[in-house]
Asks: 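Following this message is one structure expressed as structure tokens.
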Amino acid sequence: MLILFNSLSIHIQNALEKAFPEAAAQAHASGKALDPQLVPASKPEFGDFQVNGALKLAKPLKQSPRIIALAITDQLKADQDFLNICNPPEIAGPGFINLKVKAECLIAEIRNQLQDKRLGVPVIDSSNDQMASSTVVVDFSSPNIAKEMHVGHLRSTIIGDSIARILEFRGHKVLRLNHVGDWGTQFGMLISHLKTVAPEALITADVIELGDLVNFYKQAKQRFDEDIHFQTTSREEVIKLQNGDSKTLKAWKLICEQSRREFQQIYNRLDVRLSERGESFYNPFLEQVIDDLNDSNLLVIDDGAKCVFLQGINGKDGRPLPMIIQKQDGGFNYATTDLAAIKYRFNTSPEGDGAHRLIYVTDAGQANHFAGVFQIAKRANWIPDGGRIEHVPFGLVQGSDGKKLKTRSGKTIRLRDLLDEAIDRSEADLRRRLKEEDRTENDDFIKHVASTVGIAAVKYADLSQNRITNYQFSFDRMLSLQGNTAPYLLYALVRIAGIARKGGDLDTATDNLIFKEGQEWSLIRTLLKFDEVVVEVEEELLPNRLCTYLFELSQIFNRFYDQVPVLKANEPYRSCRLALCRLTANTLNLGMNLLGIPTLERM
RNA sequence: GGGCAUGUAGCUCAGUUGGAUAGAGCAUCAGAUUCCGGUUCUGAGAGUCGGGGGUUCGAGUCCCUCCAUGCUCGCCA
């Protein structure tokens, strides 16, 4: 109903300006038009939309809200185009105007939607918005080389992928960048440790298992924390790497390649597509960052390190907090890389990505870091006019004890183990149900359903939560067939597929749509909200809003299914209800697709 | 100590530029089935929106203050 909403918005704006021409002229002169505050109705009994503006305007217009509302509705009642869309408006409460869209208008919308693969979601208008045609960078997932992916990478990967999908669907050119940790001190540690414990790993591929590599990494970290001499050699190794020393570089490449293959297995399982562009990519641009900051007089040498002092962010001592761009020993650290990345991403091709919006999906713990880095980028004038740079933070994954999710023995949980467990539990659950219902299915079916439901449950549980707060992980809750879960949504789709199997032609003709049941109308109204939700999520970057919508749609569909017969209905109702089923399935499928969640016909 | 975030029903959480009587799910209790997959649906109870002040026609939402929790604060990322 996005188009309808926009059209109503214009009519109401006109009505308001006709009703109060002087105030409108004055408002225009000051550059800010009178706002009628048209929004979706807060409750179904208020209709489809409501106008809240009359209350706000009471003071500047020096009239009571109801008088203002009356003046607006009088204008609307004289507007035939408006009356073609809505029933005559009603004033309610202290001065709200309630609008109800006409049935024939809703039906026309449904008919359009049935023929529209995009379900009413517009492609971004690149003629209207010059920025629209340029690129959006979504920086997400970003595991570290020589480590295994763990639950900490889960949220970034799932949320980032969904955001990227939604932006792509809206027609943006999206760069999905995997900013892997393949550079820096950690590599110095690992390589210098391997030199003593497993030198062959530095010259030959795959001589050690990734699991062992992870262990070596942990040992190296421990050594680094305890041994000052080792710290020095590690740092020297980093410098060698950053200067392109061929031996070190070769060792580094071997390790990266091994990790990369491991990550890819996880991404394949999650159906997530990423372009790897690790921290190392920006190595050639680091010097330029220093020069640029120096040229804009932001760089200060303090304690031998090159820093930028942040504005409005103080450290423990109360002095402005420095961000270290180049360390005493000449090495660069992650702030330098992030700054180089910002520059590169905003720069136009061929020296950059030509992006107009940068989105970073990382945990909330990095909020300070990004605030600092973004501030420097702004002060250095690297952000073009109209350019946006956003940190999309998310909270911790916690166990049901409210603490950071760990294994029973207190270790971090590997992502592959977590996915395995979700699928195993899903399979056990499926087998139990098959037994109870005396159904027999072959192993391929069981495996397919178990893995689809398992992955869907993990993803949906994560996405359905407002990302900013911490999130309590529970297999039992996410795999439950009741409540706001992936299985519940999948079940609605399975029911529709069941109708089709039992002889319902979902592609039946839809020229003469006619409805009479309340459940049909509430389904219709819910279906037509899809486009608004997608556009909102694109702006707010909150996929949980899409989840809430899809859950509500499933609930309303189940109510409809429960109370209104489809296959047994007489024509023309049968065909019309089949059309609603088809549109519900299309909407759920597209919505789930935008979340990156697979769907099923039977389960 | 400074900064940031969070605090809503027994539990897990929604709540869109400030809008009408604060909403879901789970759990609990009570109901519904000749039926397209009951893995469903209907209903009920349950709240000082952390406390207190303020802004205004109106505050869960904005401002101030206090409390609690989490994250973070110079050479890791």
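Order of the sequence lines fixes the chain letters, A, B, ..., with proteins taken first and strands second; residue numbering starts at 1 for each chain.
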Asks: Report the residue (Q50(A) or Q555(A)) whose heavy-atom-nearest nucleotide on RNA chain B is the more 5′ of the two.
Replies: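 First, find each residue's nearest nucleotide; the 5'-ward one identifies Q50(A).
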Asks: Using the ring pair (Phe, Tyr, Trp, His ring centres under 6.0 Å) rule, take F46(A) and F96(A) through it: C-alpha gap first, then chi angles, then the decisive distance, then the call.
Replies: CA-CA 10 Å; F46(A) 299 150; F96(A) 298 100; 7.5 Å; no
Asks: For Q366(A) and D363(A): C-alpha separation, side-chain torsions, deciding distance, then whether side-chain hydrogen bond (donor to acceptor under 3.5 Å, both in side chains) applies.
Replies: CA-CA 6 Å; Q366(A) 297 192 53; D363(A) 68 282; 3.2 Å; yes
Asks: Checking H179(A) now: which residues fulfil ring-ring contact (aromatic ring centres under 6.0 Å, His included) with it, not counting sequence neighbours?
Replies: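 H179(A): ring-ring contact (aromatic ring centres under 6.0 Å, His included) contacts with Y282(A).
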Asks: Can any side-chain N or O of S280(A) pair as donor or acceptor with the backbone N or O of W183(A) at less than 3.5 Å?
Replies: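 Side chain of S280(A) to backbone of W183(A): no pair is present.
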Asks: Judged by each residue's nearest nucleotide on RNA chain B, which is more toward the 5′ side, S42(A) or F224(A)?
Replies: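 It is S42(A) whose nearest nucleotide is closer to the 5' end.
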Asks: With a cut-off of less than 4.0 Å, is there a side-chain N or O of K404(A) near OP1 or OP2 of C71(B)?
Replies: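 No, outside the criterion.
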Asks: Distance check, P atoms only: C75(B) and U17(B), in whole angstrom units.
Replies: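 That atom pair is separated by 40 Å.
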Asks: Can you list every pair that meets side-chain hydrogen bond (donor to acceptor under 3.5 Å, both in side chains) and has a residue in residues 563-578 of chain A, with sequence neighbours left out?
Replies: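 Counting only pairs at least two positions apart or across chains, the side-chain hydrogen bond (donor to acceptor under 3.5 Å, both in side chains) contacts touching residues 563-578 of chain A are T508(A)-S575(A), Q519(A)-Q563(A), E520(A)-R577(A), E571(A)-S575(A).
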Asks: Between A20(B) and F46(A), is there a base-stacking contact, meaning the centre of the base's six-membered ring lies under 5.5 Å from the residue's ring centre while the planes stay under 30° apart?
Replies: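 Yes, F46(A) stacks on the base of A20(B).
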Asks: Would you jot down, in residue-number order, the residues of residues 425-437 of chain A having a non-hydrogen atom under 4.0 Å from RNA chain B?
Replies: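 Within residues 425-437 of chain A, the residues near RNA chain B are R433(A), E437(A).
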Asks: Rounding to the closest angstrom, what is the interatomic distance between G58(B) and G18(B) at atom P?
Replies: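 Looking at atom P only, G58(B) and G18(B) are 16 Å apart.
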Asks: If you measure from the P atom in U8(B) to the same atom in G60(B), how many Å do you get, rounded?
Replies: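 About 15 Å, rounded to a whole number of Å.
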Asks: From the list U42(B), U40(B), U17(B), which nucleotide is the closest neighbour of the side chain of D35(A)?
Replies: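 So the side chain of D35(A) is nearest to U17(B).
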Asks: With rounding to whole Å, what would you report as the distance between U12(B) and G19(B) at their P atoms?
Replies: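 About 27 Å, rounded to a whole number of Å.
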Asks: Expressed in whole Å, how much space separates the P atoms belonging to A44(B) and C35(B)?
Replies: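 Approximately 28 Å lies between the P atom of A44(B) and that of C35(B).
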Asks: Choosing from U17(B), A77(B), G74(B), which nucleotide comes nearest the side chain of D303(A)?
Replies: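 Per side-chain heavy atoms of D303(A), the pick is G74(B).
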Asks: Taking 4.0 Å as the cut-off, does a side-chain nitrogen or oxygen of T185(A) come that near to OP1 or OP2 on A77(B)?
Replies: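 Indeed, a polar side-chain atom of T185(A) lies that close.
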Asks: What residues form a ring-ring contact (aromatic ring centres under 6.0 Å, His included) with Y334(A), not counting sequence neighbours?
Replies: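 Checked Y334(A) against ring-ring contact (aromatic ring centres under 6.0 Å, His included); matches are H369(A).
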Asks: Under the criterion side chain to side chain contact (heavy atoms under 4.5 Å, CB included), which of T73(A), I68(A), I72(A) is the partner of L70(A)?
Replies: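 The option that passes is T73(A).
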Asks: Contact class for N466(A) vs. all strands (heavy atom < 4.0 Å): base, sugar-phosphate, or nothing?
Replies: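 Since only primed, P, OP1 and OP2 atoms lie under 4.0 Å of N466(A), the category is sugar-phosphate.
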Asks: With a non-hydrogen cut-off below 4.0 angstrom, is A92(A) in contact with a base, only sugar-phosphate, or nothing?
Replies: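 Contact class for A92(A): base.
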Asks: Keeping R467(A) on the side-chain end and L541(A) on the backbone end, is there a donor-acceptor pair under 3.5 Å?
Replies: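 It does hold such a pair.
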Asks: Which whole number of Å gives the distance between the C1' atom of G50(B) and that of G74(B)?
Replies: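 G50(B) and G74(B) have their C1' atoms separated by 36 Å.
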Asks: Does any N or O in the side chain of D182(A) come within less than 3.5 Å of the main-chain N or O of E279(A), such that one atom is a donor and the other an acceptor?
Replies: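 The answer is yes, because a donor-acceptor pair under 3.5 Å joins these two groups.
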Asks: Please confirm whether the backbone N or O of Q242(A) pairs with a side-chain atom of N283(A), one donor and one acceptor, at under 3.5 Å?
Replies: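 A pair under 3.5 Å: yes.
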Asks: Just the table, please: protein N/O against nucleotides 32-36 of chain B N/O, every pair under 3.5 Å.
Replies:
| unit_1 | atom_1 | unit_2 | atom_2 | d |
| --- | --- | --- | --- | --- |
| C36(B) | O3' | K502(A) | NZ | 3.3 |
| C36(B) | O2 | V566(A) | N | 3.4 |
| C36(B) | O2 | L567(A) | N | 2.9 |
| C36(B) | N3 | V566(A) | N | 3.2 |
| C36(B) | N4 | Y561(A) | O | 2.0 |
| C36(B) | N4 | V564(A) | O | 3.0 |

Asks: Counting only non-hydrogen atoms, which of residues 388-399 of chain A are less than 4.0 Å from RNA chain B?
Replies: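 Those residues whose heavy atoms fall under 4.0 Å from RNA chain B, taken from residues 388-399 of chain A, amount to none.
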Asks: Table please: side-chain donor-acceptor pairs of residues 300-309 of chain A below 3.5 Å, with sequence neighbours left out.
Replies:
| unit_1 | atom_1 | unit_2 | atom_2 | d |
| --- | --- | --- | --- | --- |
| K306(A) | NZ | Q326(A) | OE1 | 3.3 |

Asks: Using a cut-off of 4.0 Å on non-hydrogen atoms, how would the nucleic acid contact of M603(A) be classed: base, sugar-phosphate, or nothing?
Replies: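 Here M603(A) touches the bases of the nucleic acid.
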Asks: Ignoring backbone atoms, test whether K306(A) places a side-chain nitrogen or oxygen under 4.0 Å from the OP1 or OP2 oxygen of C75(B).
Replies: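 Checking C75(B) against K306(A), no side-chain N or O comes under 4.0 Å of OP1 or OP2.
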Asks: Would you call the rings of W252(A) and F187(A) parallel, tilted or perpendicular, where under 30° means parallel and over 60° means perpendicular?
Replies: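 Taking F187(A) first and then W252(A), their aromatic rings stand perpendicular (interplane angle over 60°).
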Asks: What nitrogen or oxygen pairs link the protein and nucleotides 4-8 of chain B at under 3.5 Å?
Replies:
none

Asks: Test the R602(A)-F445(A) pair against the cation-pi criterion, namely NZ or CZ under 6.0 angstrom from the six-membered ring centroid and within 45° of the ring axis.
Replies: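 Because its charged atom sits under 6.0 Å from the ring centre and within 45° of the axis, R602(A) does stack over F445(A).
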Asks: Do we count F551(A) as stacking onto G25(B) if the rule is ring centres under 5.5 Å and planes under 30°?
Replies: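 Stacking is absent between G25(B) and F551(A), given that the ring centres and planes do not meet under 5.5 Å and under 30°.
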Asks: For a quick check of understanding: with a heavy-atom distance under 4.0 Å over all strands, which category does N52(A) fall into, base, sugar-phosphate or nothing?
Replies: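 The residue N52(A) makes base contact.
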Asks: Taking the side chain as every heavy atom from C-beta outward, state whether E237(A) and H193(A) have any atom pair closer than 4.5 Å.
Replies: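 The answer is no; the side chains never approach within 4.5 Å.
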Asks: Compare the minimum distances between each of C41(B), G74(B), A27(B) and the side chain of Q482(A), then state the nucleotide with the smallest one.
Replies: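 Looking only at heavy atoms from C-beta outward on Q482(A), the closest nucleotide is A27(B).
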Asks: Say you pick atom P in C62(B) and the same atom in G70(B); how far apart are they, in whole Å?
Replies: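 Comparing P positions in C62(B) and G70(B) gives a spacing of 24 Å.
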Asks: R439(A) near the nucleic acid: base, sugar-phosphate alone, or nothing, with a heavy-atom cut-off under 4.0 Å?
Replies: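 The answer is base, as R439(A) lies within the cut-off (heavy atoms under 4.0 Å) of a base atom.
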Asks: So what is the 5' to 3' dot-bracket string for RNA chain B, if pairs are Watson-Crick or G-U wobble with both distances under 3.5 Å, crossing pairs use [ ] and | means the partner sits on another strand?
Replies: (((((((..((((.....[...)))).(((((.......))))).....(((((..]....))))))))))))....
Asks: Under a plain distance cut-off of 3.5 Å, with no hydrogens placed, do Q222(A) and D225(A) share a side-chain donor-acceptor pair?
Replies: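 Note: D225(A) and Q222(A) side chains miss the donor-acceptor criterion.
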Asks: Whether Q328(A) contacts C75(B) is assessed here as follows: a side-chain N or O lying under 4.0 Å from the phosphate OP1 or OP2. Is that the case?
Replies: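 For C75(B), OP1/OP2 do not have a side-chain N/O of Q328(A) under 4.0 Å.
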Asks: Does anything in residues 536-550 of chain A come within less than 4.0 Å of RNA chain B? Heavy atoms only, and list the residues if so.
Replies: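 RNA chain B contact set from residues 536-550 of chain A: E536(A), N544(A), R545(A), T548(A).
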Asks: Tabulated below should be each protein N or O lying under 3.5 Å from an N or O of nucleotides 55-62 of chain B; please produce it.
Replies:
| unit_1 | atom_1 | unit_2 | atom_2 | d |
| --- | --- | --- | --- | --- |
| C57(B) | OP1 | K59(A) | NZ | 3.1 |
| G58(B) | O6 | K56(A) | NZ | 3.1 |

Asks: Please enumerate all residues that pass ring-ring contact (aromatic ring centres under 6.0 Å, His included) together with F473(A), with sequence neighbours excluded.
Replies: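 ring-ring contact (aromatic ring centres under 6.0 Å, His included) list for F473(A), sorted by chain: F475(A).
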Asks: Under 4.0 Å between a side-chain N or O of Q186(A) and OP1 or OP2 of C76(B)?
Replies: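 So the side chain of Q186(A) is outside the cut-off, no N or O lying under 4.0 Å from OP1 or OP2 of C76(B).
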Asks: Determine: side-chain N/O of Q326(A) to OP1/OP2 of C75(B), distance under 4.0 Å, yes or no.
Replies: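 No, no such contact exists.
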Asks: Hey, can you tell me if F230(A) and F224(A) have their rings parallel, tilted or perpendicular (30° and 60° cut-offs)?
Replies: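 F230(A) vs F224(A) ring planes: perpendicular.
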Asks: Select base, sugar-phosphate, or nothing to describe what N98(A) touches, counting heavy atoms under 4.0 Å on all strands.
Replies: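 Base contact.
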Asks: For the base of G74(B), is there a side-chain donor-acceptor partner from R319(A) under 3.5 Å away?
Replies: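 Indeed there is one.
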Asks: Counting any heavy atom closer than 4.0 Å, what does C581(A) reach on the DNA or RNA strands: base, sugar-phosphate only, or nothing?
Replies: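 It contacts nothing in the nucleic acid.
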Asks: Sticking with atom C1', work out how far C66(B) lies from C57(B), rounded to a whole angstrom.
Replies: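 Going atom to atom, C1' in each nucleotide, I get 30 Å.
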